[in-house]
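So the structure is just underneath, and the comments pick up after that.
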2 protein chains.
Amino acid sequence: MQDLLFDFISKYVSLTDDEKNAIVSFDVFRSFKKGTTLLKEGQKSNDGYFVLKGCIRVYYVIGGDEKTTAFYTEMEAVTPHCVINKAPSDYYISCVEDTILILSNPDMEAEMFNKFPKFETLCRILAEEILAKQQINFDEFKTSSPEQRYLNLLQKRPDLVQRVPQHQLASYLGIKPQSLSRLRGRILEKDKG
Amino acid sequence: MQDLLFDFISKYVSLTDDEKNAIVSFDVFRSFKKGTTLLKEGQKSNDGYFVLKGCIRVYYVIGGDEKTTAFYTEMEAVTPHCVINKAPSDYYISCVEDTILILSNPDMEAEMFNKFPKFETLCRILAEEILAKQQINFDEFKTSSPEQRYLNLLQKRPDLVQRVPQHQLASYLGIKPQSLSRLRGRILEKDKG
DNA sequence: TGAATACGTTCACTTAAGTTAAGAAATGCT
DNA sequence: AGCATTTCTTAACTTAAGTGAACGTATTCA
């Protein structure tokens, strides 16, 4: 399991055994059952997440219903907004599947940055890379219709469409579940005709 | 002008005079006339931008027309995707107004990170903070209607609505200029009634 | 300064998403 | 296994965005 992490990191910086051991010594690997809530609205937390296996989901509760805005799957990382700005969370995070995560928090990061500056480089590069990807994602979202967004998702993250409930996918696409159903029907019709 | 930069940085890390001089020595302050194109589709570039004064705009040309996806104004920074992934740019960046920018590039950053590790900390914190803001932004976009997005923009960046042409604002809101016109009329009606 | 271009608004019409409701299918739980 | 709940789909109707066109008003620039 740890190898998954170190293989991932090796794409960005090379770690000595010392550095690897330092990570392991923090004992950050955690397993969660499907449905587990990791973060609640109103809650303060210091935990960042890196998904080793499984899928977690960010959602808001607005006017009584859930609005899903993000899914994180294997080798994706997220530091919740509430960790950055030290305020109560605006949203929930829960496990879509049985999930294995690596937890991080600012104290642990500070200690690591101090001992091994290389880790700060890693985090900077990761943040910059994720930010750039996020921007492209947002751009695509803005410049396309719900139908295009769905087709795009089928291309880019076909696994998501399988492993995630439709109604959660719908709000991820910025539409209602009924519209997603209809839209899928429309696409099937086109493929036939 | 430089003070604007150093005041901004001082919110994150404190710089010595040596460090300030190092920045200045890179001679990174640049002025551009309204309408100047900073980056073109297909072009490779290494420049990141920090807006000291003015406004720059990111847009795609899709099927012959412009889709504006971002505006950066005073004290906002952007590193184009093409700089991160070293590929030709998918989009254009141009100046909405006469603009003063600070240019950065990976070589210069590497040198600074080397001499003053504090700069890497600054960049990491900035990237993390911008990423968190961007995520909230994206979440708001996904969970609201074009009308709500416009009202939200009026609240959060009222200046933008003034300084930017309507048709550019429209695609920024994910809709057509005609729809923005109509939508604004609708809001005015409501306010009256 | 005058012609050309770009910009914003309005309108009529089309298309697609939101809403409400109902029912079928899948899932979870005891 | 059987009941309850959640999830997905369908349908009819409403609302809003997309489209194409027209028109008046800046802006640009030769």
Side-chain angles (χ1 to χ4, degrees), chain A residues 33-37 55 57 59 61-68 71 92 94-98 141-154 160-190 192-193, chain B residues 33-37 57 59 61-68 71 92 94-98 141-154 160-193:
Chain A
K33 281 273 164 216
K34 173 176 177 176
T36 307
T37 298
C55 178
R57 162 184 159 247
Y59 63 99
V61 175
I62 299 176
D65 42 35
E66 293 183 3
K67 306 265 191 180
T68 297
F71 296 100
Y92 296 78
S94 74
C95 299
V96 173
E97 306 170 344
D98 289 354
F141 193 94
K142 273 186 191 164
T143 58
S144 58
S145 66
E147 183 169 329
Q148 289 172 316
R149 296 199 291 253
Y150 176 71
L151 291 169
N152 195 246
L153 193 70
L154 280 177
L160 260 198
V161 183
Q162 301 306 320
R163 60 209 282 202
V164 154
Q166 295 296 305
H167 68 283
Q168 292 175 8
L169 259 194
S171 54
Y172 183 67
L173 293 169
I175 58 177
K176 304 284 160 182
Q178 298 92 318
S179 298
L180 178 56
S181 258
R182 177 169 42 196
L183 177 161
R184 295 175 70 213
R186 214 161 51 218
I187 291 171
L188 283 177
E189 278 310 307
K190 281 182 199 164
K192 263 196 272 172
Chain B
K33 283 274 164 214
K34 173 177 175 176
T36 307
T37 297
R57 164 183 157 249
Y59 63 99
V61 174
I62 299 176
D65 43 35
E66 293 183 3
K67 307 266 191 179
T68 298
F71 296 100
Y92 296 79
S94 74
C95 299
V96 173
E97 307 170 343
D98 289 354
F141 194 95
K142 272 185 191 163
T143 58
S144 58
S145 66
E147 183 169 329
Q148 289 172 316
R149 297 199 288 253
Y150 176 70
L151 291 170
N152 196 247
L153 194 69
L154 279 178
L160 259 198
V161 183
Q162 300 307 319
R163 59 209 283 201
V164 155
Q166 295 295 307
H167 68 283
Q168 291 175 9
L169 259 194
S171 53
Y172 182 67
L173 293 169
I175 58 177
K176 303 285 159 180
Q178 297 94 317
S179 298
L180 178 55
S181 257
R182 178 168 42 197
L183 175 162
R184 295 175 71 212
R186 213 160 54 216
I187 291 171
L188 283 177
E189 278 310 305
K190 283 182 197 162
D191 282 358
K192 265 196 271 174

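Lettering of chains follows the sequences in order, A, B, ..., and the numbering in each one begins at 1. FYI, side chains are in, hydrogens and waters are out, and symmetry mates aren't considered; it's all heavy atoms of this structure.
Computed from coordinates, the A/Q168 CD to D/dT6 C1' distance equals 11 Å when rounded to whole Å. Atom P of nucleotide D/dT6 and atom CG of A/D65 are separated by 14 Å, given to the nearest angstrom. The interatomic distance linking A/I175 (CD1) with C/dG18 (P) rounds to 6 Å, in whole Å. Between the CG atom of A/L169 and the P atom of D/dC8 there is a distance of 9 Å, rounded to whole Å. D/dC13 atom C1' lies 17 Å from atom NZ of A/K176, rounded to whole Å. In this structure, A/E189 places its CD atom 11 Å from P of D/dA11, rounding to the nearest Å. When the P atom of D/dT19 is taken as reference, atom CG of B/L180 falls 15 Å away, rounded to whole Å. Rounded to an integer number of Å, the gap from B/Q166 CD to C/dT10 C1' is 15 Å.
In summary, of the residues considered (A/R182, A/R184, A/R186), a salt bridge (Lys or Arg N to Asp or Glu O under 4.0 Å) with A/E147 occurs for A/R186 alone.
Each of C/dG8, D/dC8, C/dT19 was ranked by its minimum atom distance to the side chain of A/Q178; first place goes to C/dT19.
The closest side-chain donor-acceptor pair between A/T68 and A/R57 falls under 3.5 angstrom.
Among the atoms of the strands shown, base atoms are found under 4.0 Å from some heavy atom of A/R182.
Counting all heavy atoms, side chain and backbone alike, B/L160 lies closest to B/Y172 at CD1-CE2, 4.3 Å. The minimum heavy-atom distance between A/V96 and A/Q168, with the atom names listed, is CG2-OE1, 4.3 Å. Taking all atoms of both residues into account, the shortest heavy-atom contact from A/S171 to A/E66 is OG-O, 4.2 Å.
A/Y59 does not carry A/K67 over the face of its six-membered ring by the limits of under 6.0 Å from the centre and within 45° of the normal.
Between B/L183 and A/R184, the residue whose closest nucleotide on DNA chain D is further toward the 5' end is A/R184.
Phosphate proximity of D/dC8 to A/H167: present, with a side-chain N or O under 4.0 Å from OP1 or OP2. Side-chain N/O atoms of A/S181 include none lying less than 4.0 angstrom from OP1 or OP2 on D/dT10.
Residues satisfying the salt bridge (Lys or Arg N to Asp or Glu O under 4.0 Å) test with A/D98, not counting sequence neighbours, are A/K33.
In the helix from C/dT1-D/dA30 to C/dT30-D/dA1, the terminal helix axes, each the rotation mapping four pairs' C1' atoms onto the next four within five end pairs, subtend 60°, rounded to 10°.
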